[in-house]
Amino acid sequence: MGITEQILADHATRKDVDGITWFTAEDLKRLGIQDRLFTVMQTVQHTLRLKKAHQVVESHGCTDRWSLQDVH
């Protein structure tokens, strides 16, 4: 399973009522992803854009986490 698929699977189980999941370095470690936090963010963001997915990645100015959000 690729990084984006791992993130999407985790998002599906952890998202809040607004469809948002925050990811930190600890979350990546828990998922067994060794890459740096914002490297993973960029990878996921790029993959989702290519797939024209119904999720977006945002950092909201944070340097220690980023979010994945369902959009409609």
Side-chain angles (χ1 to χ4, degrees):
M1 179 183 299
I3 289 173
T4 301
E5 291 78 15
Q6 285 180 277
I7 295 294
L8 287 172
D10 194 55
H11 168 68
T13 62
R14 293 192 315 119
K15 63 184 171 183
D16 66 17
V17 295
D18 295 319
I20 299 172
T21 305
W22 285 95
F23 288 90
T24 65
E26 289 300 315
D27 293 310
L28 300 185
K29 186 176 180 180
R30 176 179 49 80
L31 294 171
I33 299 172
Q34 301 298 318
D35 296 332
R36 297 175 58 95
L37 183 64
F38 282 92
T39 300
V40 173
M41 182 188 93
Q42 290 174 328
T43 299
V44 171
Q45 184 176 46
H46 180 72
T47 303
L48 293 175
R49 284 183 180 166
L50 285 176
K51 293 182 177 185
K52 297 181 181 176
H54 296 287
Q55 294 87 14
V56 294
V57 175
E58 297 287 342
S59 67
H60 302 285
C62 297
T63 58
D64 62 342
R65 62 187 173 152
W66 51 269
S67 68
L68 183 62
Q69 179 176 0
D70 295 335
V71 293
H72 305 282

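Computed over heavy atoms, backbone and side chain alike; hydrogens, waters and symmetry mates excluded.
Here the rule is side chain to side chain contact (heavy atoms under 4.5 Å, CB included) with Gln55, and of Leu8, Val44, Ile20 only Leu8 fits it.
Note that CD1 of Ile7 is 5.5 Å distant from CG of Leu31, once rounded to the nearest 0.5 Å. Note: Met41 CE to Ser59 OG = 5.0 Å, rounded to the nearest 0.5 Å. Distance CD/Glu26 to CG/Asp64: 11.5 Å, rounded to 0.5 Å. With rounding to the nearest 0.5 angstrom, the CD atom of Gln34 is 10.0 Å from the CD1 atom of Ile3. For the atom pair Gln45 CD and Gln42 CD, the distance stands at 7.5 Å (nearest 0.5 Å).
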* **CA sep, side-chain torsions, deciding dist, call: Trp22, His11, side-chain contact (heavy atoms from CB on, under 4.5 Å)** => CA-CA 8 Å; Trp22 285 95; His11 168 68; over 6 Å; no
* To do: With side-chain contact (heavy atoms from CB on, under 4.5 Å) as the test, would you mind laying out the steps for Thr21 and Asp16 before giving the verdict?
  => CA-CA 7 Å; Thr21 305; Asp16 66 17; over 6 Å; no
* Check the pair Gln6, Ile33 against side-chain contact (heavy atoms from CB on, under 4.5 Å), reporting the backbone distance first and the verdict last. => CA-CA 9 Å; Gln6 285 180 277; Ile33 299 172; 3.7 Å; yes
* Full working for side-chain contact (heavy atoms from CB on, under 4.5 Å) between Asp27 and Leu37 -> CA-CA 9 Å; Asp27 293 310; Leu37 183 64; over 6 Å; no
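Between the side chain of Trp66 and the backbone N or O of Phe38, no donor-acceptor pair lies under 3.5 Å. Counting only distance, with no hydrogens or angles, the side chain of Thr43 and the backbone of Thr39 share a donor-acceptor pair below 3.5 Å.
The neighbour count for Arg36 CZ, taken as heavy atoms of other residues, nucleotides or ligands under 6.0 Å away, does not exceed 12.
In this structure, Arg30 fails the cation-pi test against Phe23, since its NZ or CZ atom is not both closer than 6.0 Å to the six-membered ring centre and inside 45 degrees of the ring normal.
His54 is not listed as a side-chain neighbour of Asp70, based on a closest heavy-atom distance of 4.5 Å or more.
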